[in-house]
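Structure record follows, encoded as structure tokens.
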Amino acid sequence: QVQVVESGGGLVQIGGSLRLSCVASGSIFSINAMGWYRQAPGKERELVVVITSGGRTNYADSVKGRFTISRDNAPNTVYLQMNSLKPEDTAVYYCNVRGLRSNDRYEYDAWGQGTQVTVSS
């Protein structure tokens, strides 16, 4: 089993900033990619940004220049720094982790429980 836990969501005013954290743990042999997705009420879940093990990133156009994904020396941890937040950024943000399990080397695709981000005026 691979567990994913997000934290750092909350209520922020327009133009404000938040930093989300994501930690993966459990039967992890390797991580190929970690990413952030979001789902607003009545909408489908969408990609925000993903970072590969090689450090390559892919941002949604709507967040380019405002959001930054980063990795820490802490193992299996990524952060999402969100600046210049807009009301349309309001959503539940989910962390996704993909890689190989340590017990059988099978692929896993694990999701966290999500963290709410609300941008208000």
Side-chain angles (χ1 to χ4, degrees):
Q1 290 280 1
V2 175
Q3 296 80 40
V4 179
V5 178
E6 309 102 332
S7 60
L11 176 65
V12 64
Q13 290 188 329
I14 294 173
S17 298
L18 280 175
R19 188 191 194 208
L20 306 183
S21 300
C22 170
V23 180
S25 63
S27 303
I28 296 173
F29 175 75
S30 66
I31 293 179
N32 296 334
M34 297 182 78
W36 289 96
Y37 293 73
R38 66 186 181 186
Q39 187 167 18
K43 295 188 177 182
E44 294 186 353
R45 190 173 298 187
E46 63 176 5
L47 171 72
V48 176
V49 59
V50 64
I51 185 167
T52 67
S53 58
R56 190 171 64 181
T57 58
N58 181 31
Y59 287 90
D61 288 342
S62 59
V63 306
K64 283 181 181 178
R66 300 188 299 122
F67 290 12
T68 303
I69 192 169
S70 63
R71 296 180 298 194
D72 199 304
N73 288 334
N76 306 337
T77 302
V78 291
Y79 304 97
L80 181 65
Q81 179 66 43
M82 305 185 294
N83 299 327
S84 303
L85 283 161
K86 306 175 181 180
E88 51 264 43
D89 295 318
T90 295
V92 178
Y93 283 70
Y94 297 92
C95 183
N96 173 253
V97 183
R98 286 172 279 158
L100 299 179
R101 297 190 303 212
S102 58
N103 52 339
D104 54 17
R105 303 296 194 267
Y106 281 5
E107 293 182 346
Y108 65 84
D109 184 352
W111 293 86
Q113 79 289 351
T115 185
Q116 177 70 45
V117 172
T118 302
V119 184
S120 71
S121 57

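Values in this document were obtained by computation on a predicted structure and should not be read as measured data. Hydrogens, waters and symmetry mates play no part in the numbers below; they use all other heavy atoms, side chains included. Nothing fancy with the numbering, it's 1 onward along the sequence.
- Val119 and Asp89 get closest at one heavy-atom pair: CG2-CB, 4.3 Å.
- The pair Asp61-Lys64 meets the salt-bridge criterion, since a charged nitrogen lies less than 4.0 angstrom from a carboxylate oxygen.
- Linking Ile, Leu, Val, Met, Phe, Trp and Tyr residues whenever their side-chain heavy atoms come within less than 4.5 Å leaves Ile51 and Val23 in two separate clusters.
- Taking CD of Gln116 as the start and OG1 of Thr90 as the end, the distance is 7.0 Å to the nearest 0.5 Å.
- Between Ile31 atom CD1 and Arg71 atom CZ the span is 9.5 Å, to the nearest 0.5 Å.
- Side-chain heavy atoms closer than 4.5 Å link hydrophobic residues (I, L, V, M, F, W, Y) into clusters, and following such links, possibly through other members, connects Val50 to Val92.
- Smallest separation of non-hydrogen atoms from Leu18 and Gly9: CD1-C, 4.5 Å.
- Counting non-hydrogen atoms of neighbouring residues, nucleotides and ligands closer than 6.0 angstrom, the CD atom of Glu107 reaches no more than 12 such neighbours.
- For Arg66 against Ser84, the heavy-atom pair with the smallest separation is NH1-O, 3.0 Å.
- For the atom pair CG of Asn58 and OG1 of Thr52, the computed distance is 10.0 Å after rounding to the nearest 0.5 Å.
- In terms of heavy-atom proximity, Pro87 sits nearest to Ile14 at CG-CD1, 3.6 Å.
- Atom CG of residue Asn76 and atom OG of residue Ser30 lie 10.0 Å apart, to the nearest 0.5 angstrom.
- Heavy-atom contacts from other residues, nucleotides or ligands closer than 6.0 Å to CD of Glu88 number more than 12.
- A continuous path of Ile, Leu, Val, Met, Phe, Trp and Tyr side chains, each step under 4.5 Å between heavy atoms, connects Ile69 with Leu85, placing both in one hydrophobic cluster.
- Screening Val48, Thr68, Leu47 against Tyr59 for a side chain to side chain contact (heavy atoms under 4.5 Å, CB included) leaves a single residue, Thr68.
- Side-chain contact check for Tyr108 versus Ile28: some heavy-atom pair is nearer than 4.5 Å.
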CA sep, side-chain torsions, deciding dist, call: Val117, Leu20, side-chain contact (heavy atoms from CB on, under 4.5 Å):
CA-CA 9 Å; Val117 172; Leu20 306 183; 4.1 Å; yes
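- A 6.0 Å sphere centred on CZ of Arg56 holds no more than 12 heavy atoms belonging to other residues, nucleotides or ligands.
- Using modelled atom types, one finds a donor on one side chain and an acceptor on the other under 3.5 Å when comparing Ser17 with Asn83.
- Between the NZ atom in Lys86 and the OG atom in Ser121 there is a gap of 15.0 Å [rounded to 0.5 Å].
- A pairwise comparison of heavy atoms in Cys95 and Met34 identifies SG-CE, 4.5 Å as the closest pair.
- Ring pair Phe67/Tyr93 is tilted by interplanar angle, where 30° to 60° counts as tilted.
- Rounded to the nearest 0.5 Å, atoms SG (Cys22) and CG (Asn96) are 8.5 Å apart.
- Pairing each heavy atom of Gly114 with each of Tyr94, the nearest pair is CA-CD2, 3.6 Å.
- Follow the hydrophobic side-chain contacts under 4.5 Å out from Met82 and you reach Val12 in the same cluster.
- When atom types are taken as modelled, the side chain of Glu6 and the backbone of Gln113 share a donor-acceptor pair closer than 3.5 angstrom.
- Tracing side-chain contacts under 4.5 Å through hydrophobic residues (I, L, V, M, F, W, Y), one never reaches Tyr37 starting from Val63; they form parts of separate clusters.
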